[in-house]
Amino acid sequence: DSEDDYEEITTFAKRMPAEFEPCKQVIMCYPEMMDASVYKEIAKDNKILLLCHKSNDESSRIKEAQNWVTSNSMKEENFTYLDMNLDALQSYWARDFSPFFVYNNLDLGIVDFTYNRSQRVNQNKVPQNLATYFNMSYSKMSLTHTGGNLMQNGRGTAFSDDLVINENNNNETLVHSQMETYTGTDNYVITIDPQGDYIAHIDCWAKIVAPDKIIVAKLPSSNPRYSYYEQVANQLANTMCSYGYNYKIYRVEEPGGNTES
């Protein structure tokens, strides 16, 4: 089955892992944003690195986090804890401010970017701090970006909406060259933002789930943003996947017609 064929990946000198590849660890934050049941479910089958935001007096919250894990009957052996200075009340979005992990042949390293929430200065330091923690190579792109506006297929193709262009002085050439140089992305597919919302993150409305499959949200035809969602769905349906044919697009109807995250 072509979907299980990863042989080509070993020939890439530099690449980002795909959204759907197995992972060694999930980065999450404490104090928690979501209900504890979400952490518990993830921890059943995955290791979690819990970034613990220090208390107001700069004391560690690790013991508090450990007690929280225990009291919610989570799989304790799957948790690792790390003190990390984060900006209070905005420290939840680990996908957005965590680094891009990039393979250079078989060596996994960290690629940083300027986090597009400039007021969250501590989050902007997380990638470099994690490079030290993991003892990984570290480099930084000359781009403003965010993890929520990037999807990777693991074979040199990435997807974002045009927020990444807008936040880099509309310099599309720079965006493409930096992504290719630092992440091995030689096919960067950029769409409009169908939400028309301030967040403009592709992970609010689409997800690549296989080398040739993408889920795209679908709104009711009565919704004012309906045509924009159809536009991006059609664009992705006419984009060639790594197997030499167009991506298969699967639509998921949004309850209430709302895709805000």
Taking all non-hydrogen atoms of both residues into account, name the closest pair between [X] and [Y] and its distance.
{"X": "Asn129", "Y": "Met84", "result": "ND2-SD, 3.5 Å"}
{"X": "Ile192", "Y": "Asp162", "result": "CA-OD2, 3.6 Å"}
{"X": "Asp193", "Y": "Arg225", "result": "O-NH2, 3.6 Å"}
{"X": "Ile110", "Y": "Met136", "result": "CG1-SD, 4.0 Å"}
{"X": "Ala65", "Y": "Cys52", "result": "CB-SG, 3.8 Å"}
{"X": "Arg61", "Y": "Ser55", "result": "CG-OG, 3.5 Å"}

Would Leu49 and Tyr133 count as a side chain to side chain contact (heavy atoms under 4.5 Å, CB included) if you check the C-alpha gap in whole Å, the side-chain angles of each, and the deciding distance to 0.1 Å?
CA-CA 11 Å; Leu49 175 62; Tyr133 173 74; 3.9 Å; yes
Reported [atom1]-to-[atom2] distance for the pair [X] and [Y], which is rounded to 0.5 angstrom:
{"X": "Tyr81", "Y": "Gln66", "atom1": "OH", "atom2": "CD", "value": "5.0 Å"}
{"X": "Leu51", "Y": "Cys29", "atom1": "CG", "atom2": "SG", "value": "5.0 Å"}
{"X": "Ile42", "Y": "Met74", "atom1": "CD1", "atom2": "CE", "value": "10.0 Å"}
{"X": "Met28", "Y": "Ser98", "atom1": "CE", "atom2": "OG", "value": "11.0 Å"}
{"X": "Met151", "Y": "Lys207", "atom1": "CE", "atom2": "NZ", "value": "7.5 Å"}
{"X": "Asn122", "Y": "Asn85", "atom1": "CG", "atom2": "CG", "value": "5.5 Å"}

Decide if atom [atom1] of [X] counts as having more than 12 heavy atoms of other residues, nucleotides or ligands within a radius under 6.0 Å.
{"X": "Glu253", "atom1": "CD", "value": "no"}
{"X": "Tyr228", "atom1": "OH", "value": "no"}
{"X": "Lys125", "atom1": "NZ", "value": "no"}

With heavy-atom distances below 4.5 Å as the criterion, would you say the side chains of [X] and [Y] are in contact?
{"X": "Asn149", "Y": "Ile199", "answer": "no"}
{"X": "Asn46", "Y": "Asn78", "answer": "no"}
{"X": "Leu130", "Y": "Leu82", "answer": "yes"}
{"X": "Tyr138", "Y": "Asp112", "answer": "yes"}
{"X": "Met179", "Y": "Leu150", "answer": "yes"}
{"X": "Phe100", "Y": "His145", "answer": "yes"}
{"X": "Phe159", "Y": "Ile214", "answer": "yes"}
{"X": "Asn104", "Y": "Ser137", "answer": "no"}

How far apart are the C-alpha atoms of Thr114 and Glu167, what are their side-chain angles, what is the distance that settles it, and do they pass the side-chain hydrogen bond (donor to acceptor under 3.5 Å, both in side chains) test?
CA-CA 10 Å; Thr114 299; Glu167 291 188 327; over 6 Å; no
Among residues at least two apart in sequence or on other chains, which ones pass side chain to side chain contact (heavy atoms under 4.5 Å, CB included) with Ser142?
Gln178
Linking I/L/V/M/F/W/Y whenever their side-chain heavy atoms sit closer than 4.5 Å, directly or via other members, would [X] and [Y] fall into one cluster?
{"X": "Ile208", "Y": "Val252", "result": "no"}
{"X": "Val38", "Y": "Leu50", "result": "yes"}
{"X": "Leu163", "Y": "Tyr188", "result": "no"}
{"X": "Val216", "Y": "Tyr226", "result": "no"}
{"X": "Tyr247", "Y": "Ile215", "result": "no"}

Under a 3.5 Å distance rule, please check whether [X] uses its side chain to pair with a backbone N or O of [Y] as donor and acceptor.
{"X": "Asn168", "Y": "Thr144", "answer": "yes"}
{"X": "Glu172", "Y": "Ile165", "answer": "no"}
{"X": "Lys14", "Y": "Thr181", "answer": "yes"}

Donor-acceptor contacts, no H, no angles, side chain residues 231-238, under 3.5 Å, sequence neighbours left out:
{"unit_1": "Asn234", "atom_1": "ND2", "unit_2": "Glu230", "atom_2": "O", "d": "3.1"}
{"unit_1": "Gln235", "atom_1": "NE2", "unit_2": "Ile190", "atom_2": "O", "d": "3.2"}
{"unit_1": "Asn238", "atom_1": "ND2", "unit_2": "Asn234", "atom_2": "O", "d": "2.8"}

Walk me through it: do Phe97 and Asn124 pass the test side chain to side chain contact (heavy atoms under 4.5 Å, CB included)?
CA-CA 7 Å; Phe97 59 75; Asn124 209 13; over 6 Å; no
Can you list every pair that meets salt bridge (Lys or Arg N to Asp or Glu O under 4.0 Å) and has a residue in residues 94-107, with sequence neighbours left out?
Glu19-Arg95, Arg95-Asp203
Parallel, tilted or perpendicular: which describes the rings of Tyr245 and Tyr243, with under 30° parallel and over 60° perpendicular?
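Rings of Tyr245 and Tyr243: tilted, as their planes differ by 30° to 60°.
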Ring-plane angle category for Trp68 and Tyr30, please: parallel below 30°, perpendicular beyond 60°, tilted otherwise.
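If you compare the ring of Trp68 with that of Tyr30, the planes turn out tilted.
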Determine, stepwise, if the pair Phe20 / Val209 fulfils side chain to side chain contact (heavy atoms under 4.5 Å, CB included).
CA-CA 6 Å; Phe20 45 82; Val209 292; 5.5 Å; no
Using the side-chain hydrogen bond (donor to acceptor under 3.5 Å, both in side chains) rule, take Asn153 and Ser242 through it: C-alpha gap first, then chi angles, then the decisive distance, then the call.
CA-CA 9 Å; Asn153 80 341; Ser242 300; 3.0 Å; yes
Intermediate values then yes/no, side chain to side chain contact (heavy atoms under 4.5 Å, CB included), Phe134 and Gln25
CA-CA 12 Å; Phe134 288 123; Gln25 205 167 33; 3.8 Å; yes
Step by step, work out the salt bridge (charged side-chain N to carboxylate O under 4.0 Å, His left out) result for Glu21 and Arg15.
CA-CA 13 Å; Glu21 286 184 48; Arg15 74 175 191 94; 2.8 Å; yes
